[in-house]
Amino acid sequence: MKVTDTLTKLYVEITTTCNLDCQMCVRRAWNEPIGSMPLATFTDLLEQLDRFPAMPTIHLGGYGEPTYHPDFLEIVRAAKAAGARVEMTTNGTLLTPDLSAALIDADLDRLMVSIDGLTPERYEEIRVHGSFEEVIENLRTLRRLKIRRAGRHSNPQVGIAFVAMKSNVHDLPELPRLATRLGAWEIQVSNVIPHTPEMEQEILYEHSLVACAFRASRWVADMSLPKLDLNGDTLEPLGRTFGSTASISLLDASLSARDNYCRFAQEGYAAVRCDGEVSPCLSLLHDHPMYLRGRRKDVTHYSVGNVNETELYDLWQGAEFAAFRAKLRAFPYSPCTTCGGCERFAGNWTDCTENTFPVCGGCLWSQGFVQCP
């Protein structure tokens with residue numbers, strides 16, 4: 001993948017308010033203030049983006065529900081009028097027929113809907129206060145409106161975001177069928193980030209944190225696998241192969257390709273918090289706890305400045321942010337996700353190779369366990 005140091009995508013957290021109380025949400029575990037970005041701040045941010053060589057994609061998403069913002073539609077329309085490709089992540093509960101029609105008319109480019117269970121019981125246990133049937137009906141209505149107003153291939157292009165856990169992983173095989181029914185063109189599966197000890201019991205990657213299969217190393221052989229049927233003949237031996245001492249490649253594409261890989265730094269992403277603070281990534285947007293291998297890590301947010309005080313272009317080009325992106329691309333951090341742990345694991349202030357705040361060796365995004373839409 002081509003490395004760039006140009007701003008290509010900007011995650012804008014327009015609110016941290018939400019109408020749901022999801023089981024795995026960081027909002028259950030933090031002590032951060034709840035608020036929304038003023039419309040004036042967002043429109044000023046759009047003007048600041050004019051200084052960049054090209055308008056970045058704007059993704060409305062963070063740690064809140066974008067459609068809960070009182071000026072949500074005005075924000076979408078303003079971003080499109082500024083010439084941006086506009087995406088969003090939503091829980092889909094507030095996608096009324098009127099809102100869906102307005103998003104079609106506004107030419108929203110991409111709509112990622114979080115669906116973490118494919119039965120009402122499983123969905124509503126995870127997405128507390130949500131209604132599975134309501135979300136599915138909202139997306140069916142959106143599809144009908146798209147066909148009626150502009151054709152099934154028109155915007156917004158719909159995708160499904162699925163957070164995989166022990167309690168819902170058996171729904172994975174049904175996701176493609178649901179996507180077809182709803183007119184969704186992509187399915188993105190991510191792992192859960194355990195913000196509580198209870199959620200750590202739900203992770204599906206406890207062994208994968210240290211497995212040789214996902215680690216390129218001069219100490220182990222690389223095994224390149226071809227396309228194979230997954231059936232009664234292959235599943236058991238493949239499981240043992242992935243648990244062996246080999247580093248695995250599929251048709252020469254190594255499963256270690258996303259180790260020590262910060263997509264935000266490598267591909268030119270950044271994030272703006274609802275109060276205007278600018279962070280290099282979503283993980284550093286807010287203070288929050290996470291649990292890994294039975295230990296708590298308190299992640300302290302990192303900001304390079306505030307768009308209400310300094311223009312985003314100047315922050316992006318500034319020495320501090322540029323140096324941090326370069327360091328992330330080199331990724332000299334200690335391997336905290338694979339290590340048994342030391343006293344420095346408890347925070348992101350320093351690591352055992354003397355890197356200083358913010359250290360990213362324990363980041364699940366950088367090791368390929370978590371994906372952002």
Side-chain angles (χ1 to χ4, degrees), residues 1-16 26 32 36-38 41-64 66 75-76 78-79 82-89 109-110 112 190 193 258 260-288 299-331 333 348 357-360 363-366 370-373:
M1 191 168 290
K2 185 178 180 180
V3 176
T4 180
D5 200 40
T6 300
L7 180 64
T8 63
K9 189 170 188 174
L10 186 65
Y11 287 85
V12 183
E13 179 189 68
I14 59 175
T15 186
T16 52
V26 68
E32 295 277 282
S36 296
M37 179 179 287
T41 298
F42 185 80
T43 54
D44 181 63
L45 176 60
L46 290 176
E47 292 178 6
Q48 295 180 28
L49 293 176
D50 283 341
R51 293 181 63 191
F52 287 86
M55 176 66 72
T57 293
I58 293 176
H59 190 108
L60 302 176
Y63 296 100
I75 284 171
V76 173
R85 172 182 168 82
V86 182
E87 309 173 346
M88 64 176 287
T89 301
D109 294 277
R110 182 170 176 248
M112 295 297 295
S190 185
I193 305 166
R258 287 297 179 90
N260 299 336
Y261 182 94
C262 175
R263 189 170 188 182
F264 287 83
Q266 298 282 0
E267 300 177 36
Y269 299 172
V272 180
R273 205 164 68 177
C274 62
D275 60 1
E277 294 292 313
V278 179
S279 288
C281 65
L282 290 176
S283 180
L284 294 173
L285 208 56
H286 294 275
D287 293 354
H288 65 274
V299 177
T300 300
H301 86 280
Y302 172 55
S303 171
V304 296
N306 192 299
V307 296
N308 294 303
E309 301 166 359
T310 307
E311 290 207 0
L312 182 60
Y313 181 83
D314 295 323
L315 294 174
W316 178 267
Q317 295 287 86
E320 179 184 357
F321 199 0
F324 186 60
R325 292 195 304 275
K327 187 173 185 178
L328 283 169
R329 289 193 290 271
F331 215 88
Y333 304 104
N348 61 330
F357 179 79
V359 296
C360 300
C363 174
L364 293 173
W365 280 267
S366 68
V370 177
Q371 300 190 82
C372 294

(request) Step by step, work out the side-chain contact (heavy atoms from CB on, under 4.5 Å) result for L60 and F42. (result) CA-CA 11 Å; L60 302 176; F42 185 80; 4.1 Å; yes

(message) Which residue is it: Y333, Y302, F324? I am looking for the one with a ring-ring contact (aromatic ring centres under 6.0 Å, His included) to F357.
(response) Y302

(message) Could you check whether any side-chain N or O of E87 sits under 3.5 Å from a backbone N or O of R110, counting only pairs where one atom can act as donor and the other as acceptor?
(response) no

(message) For F52 together with Y313, are the ring centres under 6.0 Å from each other?
(response) yes

(message) When you compare the side chain of T57 with that of D109, does any pair of heavy atoms fall below 4.5 Å?
(response) no

(request) Would you please say whether a donor-acceptor pair under 3.5 Å links the side chains of E267 and Y269? (result) yes

(request) Keeping the roles fixed (side chain from N348, backbone from P358), state whether a donor-acceptor pair exists under 3.5 Å. (result) no

(message) To the nearest 0.5 Å, what is the distance between CZ on R329 and OH on Y261?
(response) 10.5 Å

(message) With a 4.5 Å cut-off on side-chain heavy atoms, are L45 and I58 touching?
(response) no

(request) Name all residues meeting the side chain to side chain contact (heavy atoms under 4.5 Å, CB included) criterion together with E309; count only those two or more places apart in sequence or in a different chain, and write none if there are none. (result) N306

(request) Would you please name every residue forming a ring pair (Phe, Tyr, Trp, His ring centres under 6.0 Å) with H286, sequence neighbours left out? (result) W30, Y63

(request) List the atom of L282, the atom of G62, and the distance in Å for their closest heavy-atom pair. (result) CD2-CA, 4.4 Å

(request) Grab the two heavy atoms, one from F264 and one from A270, that are nearest each other, plus how far apart they are. (result) CD2-N, 4.4 Å

(message) Which heavy atom of L46 sits nearest to which heavy atom of M55, and what is that distance?
(response) O-CE, 4.5 Å

(request) Please name the residue in the list R51, Q48, Q317 that meets the side chain to side chain donor-acceptor pair (under 3.5 Å) test with E311. (result) R51

(request) Using the six-membered ring wherever Trp is involved, compare the ring planes of Y11 and H59 and label them parallel, tilted or perpendicular (cut-offs 30° and 60°). (result) tilted

(message) Nearest 0.5 angstrom please: S190 OG to L364 CG, how far?
(response) 9.0 Å

(request) May I ask you to check if R325 and F321 form a cation-pi contact, with NZ or CZ under 6.0 angstrom from the six-membered ring centre and within 45° of the axis? (result) yes

(request) Say whether, by atom type as modelled, one donor and one acceptor occur between the side chain of S279 and the main chain of C281 under 3.5 angstrom. (result) no

(request) Answer yes or no: is there a side-chain heavy-atom contact under 4.5 Å between E32 and R273? (result) yes

(message) Could you measure the distance from the CG atom of N308 to the CD atom of E277? Nearest 0.5 Å is fine.
(response) 8.5 Å

(request) Taking all non-hydrogen atoms of both residues into account, name the closest pair between P56 and L7 and its distance. (result) CB-O, 3.7 Å

(request) With the side chain counted from C-beta on, respond yes when F331 and S366 share a heavy-atom pair under 4.5 Å apart, and no when they do not. (result) yes

(request) State the CD1-OG1 distance between I75 and T41, to the nearest 0.5 angstrom. (result) 9.5 Å

(message) Side chains of M37 and V12, heavy atoms from C-beta outward: is any pair under 4.5 Å?
(response) yes

(message) Between C274 and T15, is the side-chain contact (heavy atoms from CB on, under 4.5 Å) condition met? List the steps.
(response) CA-CA 6 Å; C274 62; T15 186; 5.7 Å; no

(request) Find the distance between OG1 (T4) and CD (Q266) and round it off to the nearest 0.5 Å. (result) 10.5 Å

(message) Is there a side-chain contact between I193 and V26 in this structure, where contact means two heavy atoms from C-beta onward sitting under 4.5 Å apart?
(response) no

(request) Quick one: closest heavy-atom pair of D44 and V307, and the distance? (result) OD2-O, 4.2 Å

